[in-house]
Amino acid sequence: AQSEIKSPIPDPHGFTLEMTKSYLMALEKLWSGEVYIPTIPHRFWALTLELVHRYVQTVKRRLGDPRAGAGGNSGQGWTVGECVGVVSDAQAFQKAAMSFFDEHIAQRLGMAASLCREGFEESLQEVPSLTEPATAWIVRHLTDKCSAELKAARTVMGQYRSTNRQMPKQPSGYVTSTFRSILAFRASIPHEQLENWYWTELLPPVLLQTTATYTSVLTEALDTLKRTEESLKRLKKQPPPGAGLADEDKVRLQYWIDVKEFMASCERLWKDYDGPEVRALMEVVRKYKDLQQ
């Protein structure tokens, strides 16, 4: 749902999460006139680096390991919207913290400012590492949503078995519904800020993992179809000559049409849609192309 994706907190730096806002406020407070002690700048500098490190480690602990467990939420129950917030805040925190250093901390450090700036930039390199686990949680969430829709492919056989239904000409409805979660997500995130991340880090793995799931679902469904067909042959329940396309072949043709539409939809979402997962899916249904009349 769209409300799940968004969790904005008004902030001049563009932060989404209250946690990020709190850590930057702590950094600003540390170097304020009412707290800073000029005679021990090294102590305050050490605390500054520790604040950055703690921010990264706190978020990482909250995110947990996306490779473990099941379900769509992170280990500590963060929503997809909060995971998006981690990604956007990682970019914004680096920029805001560096700006604060240049405008305030450097003035207090004097001649040591140049050397400390290098150290501060190095400490901030930890922050982008938050993007990877947060992205992995979102990829898993969206892939699970898409894959759940693809399970409807298993019902195609029942739509044609002993129903005298006409040859398929249109893709099944489940193909279109598969991409609803991706489209809703795309419409809900701040495009300009996360544009590159969406196209390079998020969308490709979602589509390719969903493609792999579709391959598994179709392979299983076609195996079941073949076993059913063989059982009917043993019982000599075969259609008479000239009866047209057998029910089983109508199912196979439907899958060919569905896969073509699925791939076309993926290409509309991502122009570089390709890879071994894509080729494996096409290989499952390629031989059914000639069933079209």
Practice problem: Please confirm whether the backbone N or O of K29 pairs with a side-chain atom of S32, one donor and one acceptor, at under 3.5 Å? | Solution: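 At least one qualifying donor-acceptor pair exists.
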Quiz item: Side chain of D89, backbone of T20: donor and acceptor closer than 3.5 Å?
Solution: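 Such a contact is absent between D89 side chain and T20 backbone.
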What residues, two or more places apart in sequence or in another chain, satisfy side chain to side chain contact (heavy atoms under 4.5 Å, CB included) together with [X]?
X    : value
W270 : L203, P204, L207, L208, D272, Y273
A90  : V127, T131
Q166 : none

Partner set under salt bridge (charged side-chain N to carboxylate O under 4.0 Å, His left out) for [X], not counting sequence neighbours:
X    : value
R268 : E261
R108 : none
E122 : none
E118 : none

Exercise. Evaluate the criterion salt bridge (Lys or Arg N to Asp or Glu O under 4.0 Å) for residue pair R117 and E121; output intermediate values, then yes/no.
Key: CA-CA 6 Å; R117 192 182 196 280; E121 284 182 319; 2.8 Å; yes
Could you give the side-chain donor-acceptor pairs of residues 39-51 under 3.5 Å, partners two or more places apart or in another chain?
residue, atom, partner, partner atom, Å
T48, OG1, W31, NE1, 2.7
T48, OG1, F44, O, 2.8
E50, OE2, R54, NE, 3.0

Spatial distance of atom [atom1] ([X]) from atom [atom2] ([Y]) [nearest 0.5 Å]:
X    : Y    : atom1 : atom2 : value
H104 : D102 : NE2   : CG    : 10.0 Å
R186 : L142 : CZ    : CG    : 12.5 Å
S129 : K60  : OG    : NZ    : 3.5 Å
L194 : T135 : CG    : OG1   : 9.0 Å

Quiz prompt | Residue pairs involving residues 203-223 (criterion salt bridge (Lys or Arg N to Asp or Glu O under 4.0 Å); sequence neighbours excluded) | solution =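 Matches after skipping sequence neighbours: R154-E220.
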Self-check item: Under the ring pair (Phe, Tyr, Trp, His ring centres under 6.0 Å) test, residues paired with Y288 that sit two or more places apart
Solution: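 Partners of Y288 by the ring pair (Phe, Tyr, Trp, His ring centres under 6.0 Å) criterion come out as none, since no residue qualifies.
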Self-check item: Counterpart residues, ring pair (Phe, Tyr, Trp, His ring centres under 6.0 Å), relative to Y214 (two or more places apart)
Solution: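 Residues passing ring pair (Phe, Tyr, Trp, His ring centres under 6.0 Å) with Y214: F262.
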Quiz prompt | Student check: side-chain heavy atoms of T215 and E277 closer than 4.5 Å | solution =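 The answer is no, as the side chains (C-beta and beyond) never meet within the 4.5 Å cut-off.
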Quiz item: Under a 4.5 Å cut-off applied to non-hydrogen side-chain atoms, are S88 and W197 in contact?
Solution: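 No, their side chains stay 4.5 Å or more apart.
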Quiz item: Are E229 and K226 within salt-bridge range, i.e. N to O under 4.0 Å?
Solution: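 Salt bridge absent between E229 and K226.
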Quiz item: Is there a path from M25 to L30 through hydrophobic residues (I, L, V, M, F, W, Y) whose side chains come within less than 4.5 Å of each other?
Solution: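 M25 does not cluster with L30.
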Quiz item: Between the side chains of Y174 and T155, is a donor N or O closer than 3.5 angstrom to an acceptor N or O?
Solution: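 On atom types as modelled, these side chains do not qualify, holding no pair under 3.5 Å.
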Could you list the donor-acceptor pairs under 3.5 angstrom formed between side-chain atoms of residues 91-101 and any protein atom two or more places apart in sequence or on another chain?
residue, atom, partner, partner atom, Å
Q94, NE2, L124, O, 3.1
S99, OG, E103, OE2, 3.1

Practice problem: Determine whether more than 12 heavy atoms belonging to other residues, nucleotides or ligands lie under 6.0 Å from atom CD of E132. | Solution: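 Open.
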Quiz item: Do W256 and R252 pass the side-chain contact (heavy atoms from CB on, under 4.5 Å) test, and can you show the C-alpha distance, the side-chain angles, and the key distance before you say yes or no?
Solution: CA-CA 6 Å; W256 163 255; R252 295 180 178 108; over 6 Å; no
